Enquirer: 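If you scroll down you'll find the structure; I have some questions about it.
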Number of protein chains: 2
Amino acid sequence: MSKGKVSLKDIAQTAGVSTALVSYVLNGKEKESRVGQEIAVRIRQIANELNYQPNYLAKSLRSGKTQTIGLIIADISNPFFANIARIVEDEAKRNGYTVIIGSSDENPDKSWDLIKVFLTRQVDGFIIVSSENSEEQVHFLKERNAPFVLLDRHFPEIQTDFVSLNNYKAAYEAGSHLIERGYTSIGLIAYKSRLFHMQERIRGYLHSLRDNAIAFRPTWLKEVSFQSIDQEVKAGIDEMLASEQAVEALIFATYRIAISGLKYINALGLNVPDDLAIVSFGQAEAFDLHYCPITYLEQPMEDLGKTAVGLLVNKLENHQEEPKQVLMEARLIARDSSRLKVLVS
Amino acid sequence: MSKGKVSLKDIAQTAGVSTALVSYVLNGKEKESRVGQEIAVRIRQIANELNYQPNYLAKSLRSGKTQTIGLIIADISNPFFANIARIVEDEAKRNGYTVIIGSSDENPDKSWDLIKVFLTRQVDGFIIVSSENSEEQVHFLKERNAPFVLLDRHFPEIQTDFVSLNNYKAAYEAGSHLIERGYTSIGLIAYKSRLFHMQERIRGYLHSLRDNAIAFRPTWLKEVSFQSIDQEVKAGIDEMLASEQAVEALIFATYRIAISGLKYINALGLNVPDDLAIVSFGQAEAFDLHYCPITYLEQPMEDLGKTAVGLLVNKLENHQEEPKQVLMEARLIARDSSRLKVLVS
DNA sequence: TACTTGCACTTAAACGATTAAGCCTATATT
DNA sequence: AATATAGGCTTAATCGTTTAAGTGCAAGTA
């Protein structure tokens, strides 16, 4: 890159002073450093004329701060994370930070890699959407005293800052909502994952059945793996429909699962909601465009992203010590895919 | 950030040598710099033991290279750009670069801002999805000799590197396809924009009509502005349907427009494709989920992204001078939304 | 008069790396 | 024996900033 070239030294030379003075003035430290009025004005003017742009590398090298945040998400091409990324980016910028983003693909090796790269790049702090089996990484960052905030997911057994959803409650509401609407055989397709947020969604679902005196059937719950979503979702739906207590409503635990599931349901020629009612986590245009708009749990993405940045910046700038933990509520947006069940006589 | 702390100096001290030697060894310059075998081994070992991580800031300050690419896109929360971003990110990483992303929201002021920020951050080069009225910015970068590649859009009157779609041909194909399938009144909703890619899409559409001896009606073409898509798309569709030569097929020039248009078409209770056939640019899950899968022009995103990174890296590392310009072909994926027209007697 | 205080500015080290140039010593060449 | 060459290592400058510590000097105080 052809540099701005103009350095403090250039300004100092044309002004006939030392670089120290220039630095003081340009950093607004004229008062503390007792710089003369006239020369201050002069320096500022010269800086303008030469179109001086400070060299961040040098600044950072000196200060140890890069004003950069590393954001690790599962996959930027997933609309949920793309939105989060956008919000984090904007909010960080408002606070004078730049964001570098990396996608882990839910793979702990990749996120290790990203952490290493980001550390090498001397990010000031991290915002991380953890993948399964990455507890080690969280401990590593804690030990290294690297500021970070977990987003969307967290490990209840590790004391950290985090911002996530009250997933238990959200799933509980999804189940209760379907029950209220007259459905009694309700399935859930979730990820096969030990991640807390996923377990909470499952737990919420189960409790909603229990509290409404519905006996849960094992075939109703299908846990699919990231690597072969489409295949396993199909199998899951097939099983749920074939069992003697066939499912008449289905909850998708994530956006990706929903996309996969809805495609298959369409392919099967099933009608939503008459053949199968639907509630899904996540929100996206795809849900609005569906011939039968999909009921979903709206995640407060704006809040999630902004709060995560807020917590991190606070940590970075005020050296806040005690971990802050935030749980946010999802809002169920009821649409036609879960409308009152039509009773067939 | 609590630093890795370990610097060249630390290694030098424990090895009892100068930092120069350590630097030579750790950069694989032992041969050229005639470093002794034993001490080289020793240094490498100590570096390992101390878990030395080089300080990129220092490296960059010295070398003037940050191994960072600035990517400016319209909006990361748009799936097209999210995918592009993902591909660029991965490809850049493979080449040893980190990407910082900024969303311009099609607003030239914001992209100016991003360019300034990225320059301050000393990115080595840019990949830019230009917004309207940003020619000035392109000229600025050219004059500054800042390496950059335009992606998805370019300015035919400015000599630059770019990678984009053959938009004329793609739109021409969209039109021809609908005509082949029996539709004769075909509308297009595009952005109100002087940007070349958009003008090409319009031109392609018009030529497909002309070459098939279909007289174009002005109401068939609606150009909507970014700021009020939904509203203007509605108005456009209303007009197109109300005109005496009502439209029976519709082309959407972008993904965003398509989403907006399809929502309205659903709201009107129109049936696709019987009431209105559809072809759209862009691809997304939403199109698959539609009750009538949408015919779309598949953009070679993988190629677009990788090629953009490739061109840029080549420029950066081989100081390639002559601008390289790449036009790629879209592929029309025919689905039910443009199936053979049913003739009503 | 001698001493403090305040003001306006400079010096120089430091951040962590890279690298041209230089300094020895031992061996090879003439 | 004198000189060249090669090998192995160090010195010190440099990238662009920041900032603690210091240097003069003039005015104020005792």
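The structure displayed is predicted, hence computed values, not measured ones. Here is the naming used below: chain letters follow the sequence lines, and residue numbers restart at 1 for every chain.
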Enquirer: Could you give the CD-to-P distance, from A:Gln122 to C:dG16, as a whole number of Å?
Expert: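 Rounding to the nearest Å, CD of A:Gln122 and P of C:dG16 are 9 Å apart.
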Enquirer: Among all residues two or more places apart in sequence or in another chain, which pass the salt bridge (charged side-chain N to carboxylate O under 4.0 Å, His left out) test with B:Glu317?
Expert: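 Here no residue qualifies.
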Enquirer: Would you say A:Tyr52 reaches D:dT17's phosphate, i.e. side-chain N/O to OP1/OP2 under 4.0 Å?
Expert: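 It does, given that an N or O in the side chain of A:Tyr52 lies less than 4.0 Å from OP1 or OP2 of D:dT17.
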Enquirer: Please confirm whether any donor atom in the side chain of B:Tyr24 sits under 3.5 Å from an acceptor in the base of C:dA17, or the reverse.
Expert: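 For B:Tyr24, whose side chain was compared with the base of C:dA17, there is no donor-acceptor pair (under 3.5 Å).
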Enquirer: Under a 3.5 Å threshold, yes or no: a donor from one side chain and an acceptor from the other, between B:Ser111 and B:Gln137?
Expert: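 Yes.
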Enquirer: Ignoring backbone atoms, establish whether A:Lys59 has a side-chain N or O less than 4.0 Å from OP1 or OP2 of D:dG16.
Expert: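 A:Lys59 to D:dG16 OP1/OP2: no side-chain N or O under 4.0 Å.
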Enquirer: Would you say B:Asn55 reaches C:dC15's phosphate, i.e. side-chain N/O to OP1/OP2 under 4.0 Å?
Expert: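 Result: no.
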Enquirer: Considering only NZ, NE, NH1 and NH2 on the basic side and carboxylate oxygens on the acidic side, decide whether B:Asp90 and B:Arg94 come within less than 4.0 Å.
Expert: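 No.
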Enquirer: Taking only the side-chain nitrogens and oxygens of B:Lys9, find out if one of them lies under 4.0 Å from OP1 or OP2 of C:dA17.
Expert: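 Result: no.
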Enquirer: Using heavy atoms to find the nearest nucleotide of DNA chain D for B:Val17 and B:Leu61 separately, return the residue whose nucleotide is more 5′.
Expert: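 Of the two residues, B:Val17 wins.
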Enquirer: At under 4.0 Å between heavy atoms, what does B:Ile39 touch on the DNA or RNA strands: base, sugar-phosphate, or nothing?
Expert: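 Result for B:Ile39 = sugar-phosphate.
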Enquirer: Are any of A:Ser18's side-chain N or O atoms less than 4.0 Å away from OP1 or OP2 of C:dT10?
Expert: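 So the side chain of A:Ser18 is within the cut-off, an N or O lying under 4.0 Å from OP1 or OP2 of C:dT10.
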Enquirer: Any side-chain N or O of A:Ser23 under 4.0 Å from OP1/OP2 of D:dT18?
Expert: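 Checking A:Ser23 against D:dT18: at least one side-chain N or O falls below 4.0 Å of OP1 or OP2.
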Enquirer: Measure CD/B:Glu32 against P/D:dG8 and give the value in whole Å, please.
Expert: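 Answer to the nearest Å: 14 Å.
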Enquirer: Specify whether A:Trp112 and A:Phe140 have parallel, tilted or perpendicular ring planes, treating 30° as the upper limit for parallel and 60° as the lower limit for perpendicular.
Expert: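 A:Trp112 and A:Phe140: perpendicular rings.
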Enquirer: When the distance from CG of B:Asp10 to P of C:dG16 is rounded to whole Å, what number comes out?
Expert: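 Checked: the CG to P distance equals 8 Å.
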Enquirer: Nearest-Å distance, CG (A:Leu57) to C1' (C:dT18)?
Expert: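 Distance check: A:Leu57 CG to C:dT18 C1' gives 15 Å.
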Enquirer: Just by distance, with hydrogens left out, do B:Ser103 and B:Asp105 show a side-chain donor and acceptor under 3.5 Å apart?
Expert: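 Result is no, nothing qualifies.
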Enquirer: Over how many whole Å does the gap from A:Arg34 atom CZ to D:dG22 atom C1' extend?
Expert: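 The answer, rounded to whole Å, is 11 Å.
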Enquirer: In whole angstroms, how far is the P atom of D:dT18 from the NZ atom of A:Lys29?
Expert: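 So the two atoms are 8 Å apart, to the nearest Å.
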Enquirer: Which nucleotide in the set D:dT10, C:dA17, D:dT17 lies at the smallest distance from any side-chain heavy atom of A:Pro54?
Expert: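 Out of D:dT10, C:dA17, D:dT17, the nucleotide with an atom closest to A:Pro54's side chain is D:dT17.
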Enquirer: Could you check A:Ser33 against A:Thr19 and say which one's nearest nucleotide on DNA chain C is further toward the 5' end?
Expert: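 Here A:Ser33 is the residue nearer the 5' end.
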Enquirer: How long is the line joining CG of A:Leu26 and P of D:dT18, in whole Å?
Expert: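 From A:Leu26 CG to D:dT18 P: 8 Å.
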Enquirer: Among D:dC9, C:dT11, C:dC9, which is the nearest nucleotide to the side chain of A:Ala20?
Expert: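 For A:Ala20, the side-chain atoms sit closest to C:dT11.
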Enquirer: How close or far is atom P of C:dT19 from atom CZ of B:Arg62, stated in whole angstroms?
Expert: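 Those two atoms, CZ and P, are 6 Å apart.
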